[in-house]
Q: 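Next up is a structure, given as structure tokens.
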Amino acid sequence: MQEQDTYYLNEICTQNALYTQQTGRKKKCLTHTFGCQMNERDSEILFGFLAQMGYEKTDIEAEADLVLFNTCCIREKAESKVLSHLGELKKLKQKNPDMIIGVCGCMMQQKGMADTIRSSAPYVDVIFGTHNLHHFPEYMYNVYQGKGRQIEILDKEEGVQEGLPSYREYPFKALVNIVYGCNNFCTYCIVPYVRGRERSRKQADIVQEVKQLVADGVVEITLLGQNVNSYGLDLQDGTNFAGLLQELDQIEGLRRIRYMTSHPKDLTEELVKTIAESSKVVDHFHLPVQSGSSRVLELMNRRYTKEHYLQLIDLIRKYMPNAAITTDIIVGFPGETEEDFLETVDLVRKVKFDNAFTFVYSKRAGTPAARMEDPISLDEKKERLQRLNDALSDISRDINDKLQDTVVEVLVEGPSKTNEEMLTGRTTSNKTVIFAGDPSLIGQIVPVTITEAQTWVLKGTLAE
Ligand code: 5AD
Ligand code: SF4
């Protein structure tokens with residue numbers, strides 16, 4: 001963080017303290033975070049800044065003095081959610097003109113989008129993108145100084161920012177960025193356009209951050225990158241993902257290392273071996289396949305074939321027979337035929353995924369796929385999605401049934417969302433387990449015997 005930013009934060013904090021003195025209440029803020037874990041992590045940083053400005057968190061929009069939208073544009077649905085929610089805020093701002101509204105994140109990096117918000121939502125005070133998140137203190141300071149609306153979108157990334165404050169959601173698990181941006185340009189995907197080119201953090205900075213997290217009580221970390229497998233290659237000093245995992249595996253007190261996401265084209269035998277030999281890297285591979293048709297994979301610019309993907313699965317099973325494997329799949333990519341789709345169903349049956357995130361293709365302006373012929377109707381695509389999901393849930397159910405009566409290690413995350421009386425947590429393979437237990441177990445890793453396997457959750461009782 002720059003010295004200037006500390007000045008901005010302190011100035012705002014002083015003004016907020018004065019406000020508290022005069023009114024007897026602290027200013028409150030709320031962030032709506034859309035999309036992936038990268039955005040969740042960015043929101044933790046934004047909250048870090050806000051905490052230093054003297055803001056308190058709230059979940060109630062009507063009492064918020066500042067509402068921030070951290071947006072996503074991966075699919076059209078994510079975008080329309082933001083726009084309709086933003087529309088609702090207009091009424092709140094009419095009631096409370098002092099409310100500050102900010103919009104940031106991936107959607108703002110899209111060509112023309114910031115201008116659209118600028119003109120269609122004049123009640124938005126601050127607009128910025130993914131490349132200038134760290135300038136947030138300056139924009140806020142300017143708003144506090146009465147300098148009017150702050151709108152800035154940078155076309156290009158500004159390297160890697162270290163030392164930003166952060167307000168982490170959980171005391172026992174943490175998201176850790178390792179590489180920003182993406183160089184892969186899958187033809188359907190907007191991410192490379194809104195998150196810029198790959199930039200790796202230095203290994204020493206990551207290791208230091210993780211050591212600090214562990215000292216603060218964190219037992220599980222999730223390393224984040226659009227393609228963690230290419231971590232370090234841009235540094236050109238021999239750093240790579242396998243080496244980083246080996247280093248992190250040595251950290252005493254750390255119990256679990258997760259990572260997201262792994263591109264199949266860069267998954268090597270060396271890496272699978274490293275993961276198998278490590279004591280903390282989890283037995284879970286999230287390996288997005290996107291399609292089971294080599295023809296479609298080529299159109300998607302994924303740079304592997306169905307056969308290569310299946311070989312990778314064999315490799316994983318050779319070294320880690322019990323590893324859970326999950327994936328992402330897009331159905332209805334432009335020109336996908338029924339035969340192509342059936343290849344995807346065939347692959348799903350061959351691999352036997354533990355779980356999958358499945359999506360209907362969504363056209364993203366500016367990507368190569370947006371210019372491809374797309375004769376299949378949305379209804380037909382939705383029908384394919386349903387058939388795929390049916391196949392996937394049968395498989396997940398079979399896999400989970402095998403866990404019946406076994407004992408699994410669960411990191412307890414909190415009360416269950418569906419039943420406050422119960423606790424929920426995750427296995428090393430990332431399966432959700434619900435069981436009865438004392439809330440004092442939250443944050444601990446405990447053994448649980450599975451008593452009832454369902455398709456998407458496991459129910460159990462504390463072992464011992
Ligand atoms: N349409 C549908 N799904 C998409 N994804 C990325 N771009 C699109 C798109 N245009 C999916 C991919 C990716 C996941 C994060 O989102 O499956 O792995
Ligand atoms: Fe998008 Fe492909 Fe990059 Fe993933 S690897 S973020 S799908 S372009």
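Please read these numbers as outputs of a predicted model, since none were measured by experiment. Both counts, for ligands and for their atoms, begin at 1 and track the order of listing.
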Q: Where does the angle between the aromatic ring planes of Phe49 and Phe136 fall among parallel (under 30°), tilted (30 to 60°) and perpendicular (over 60°)?
A: tilted

Q: Pull out every atom of ligand 1 sitting under 4.0 Å from any heavy atom of Tyr361, numbered as shown with elements.
A: 1 (N), 2 (C)

Q: Have a look at Lys363, Met260, Arg75, Gln226 and point out the one with the heavy atom closest to atom 5 (N) of ligand 1.
A: Arg75

Q: Ignoring hydrogens and geometry, is there a side-chain-to-backbone donor-acceptor pair from Lys57 to Phe47 under 3.5 Å?
A: no

Q: For atom 10 (N) of ligand 1, what's the nearest protein heavy atom and its distance?
A: Ser362 O, 2.8 Å

Q: Quick check on the 6.0 Å ring-centre criterion: do Tyr361 and Tyr188 meet it?
A: no

Q: So, Phe185 versus Tyr193, ring centres under 6.0 angstrom or not?
A: yes

Q: Quick one: does ligand 1 sit under 4.0 Å from the side chain of Tyr188, the backbone, both or neither, non-hydrogen atoms only?
A: both

Q: So, 4.0 Å and heavy atoms of Thr261: is ligand 1 close enough to count as a contact?
A: no

Q: Using the six-membered ring wherever Trp is involved, compare the ring planes of Phe241 and Tyr259 and label them parallel, tilted or perpendicular (cut-offs 30° and 60°).
A: perpendicular

Q: For atom 2 (Fe) of ligand 2, check which protein N, O or S atoms are under 2.8 Å away and list them.
A: Cys186 SG

Q: Classify the ring geometry between Phe359 and Phe357 as parallel (under 30°), tilted (30 to 60°) or perpendicular (over 60°).
A: parallel

Q: Do Phe69 and His85 have their ring centres less than 6.0 Å from each other?
A: yes

Q: Would you mind running through ligand 1 and noting each atom that sits below 4.0 Å from a heavy atom of Val360?
A: 2 (C)

Q: What atoms of ligand 1 come within less than 4.0 Å of a heavy atom belonging to Arg364?
A: 10 (N)

Q: May I ask you to decide if the ring planes of Tyr304 and Tyr309 are parallel, tilted or perpendicular, using 30° and 60° as cut-offs?
A: tilted

Q: Salt bridge between Lys318 and Asp314, side-chain N to carboxylate O under 4.0 Å?
A: no

Q: Among all protein heavy atoms in this structure, tell me which lies nearest to atom 14 (C) of ligand 1, with the distance rounded to 0.1 Å.
A: Asp328 OD2, 3.5 Å

Q: Test of understanding: with salt bridge (Lys or Arg N to Asp or Glu O under 4.0 Å), list the residues that count as partners of Asp283, not counting sequence neighbours.
A: none

Q: Look at atom 7 (S) of ligand 2 and say which protein heavy atom is nearest, naming residue and atom and giving the distance to 0.1 Å.
A: Tyr188 OH, 3.3 Å

Q: Just need the protein heavy atom nearest to atom 17 (O) of ligand 1, so name the residue and atom and give the distance.
A: Gln290 OE1, 2.7 Å

Q: Would you mind reporting whether Ser293 and Lys306 have side-chain heavy atoms less than 4.5 Å apart?
A: no

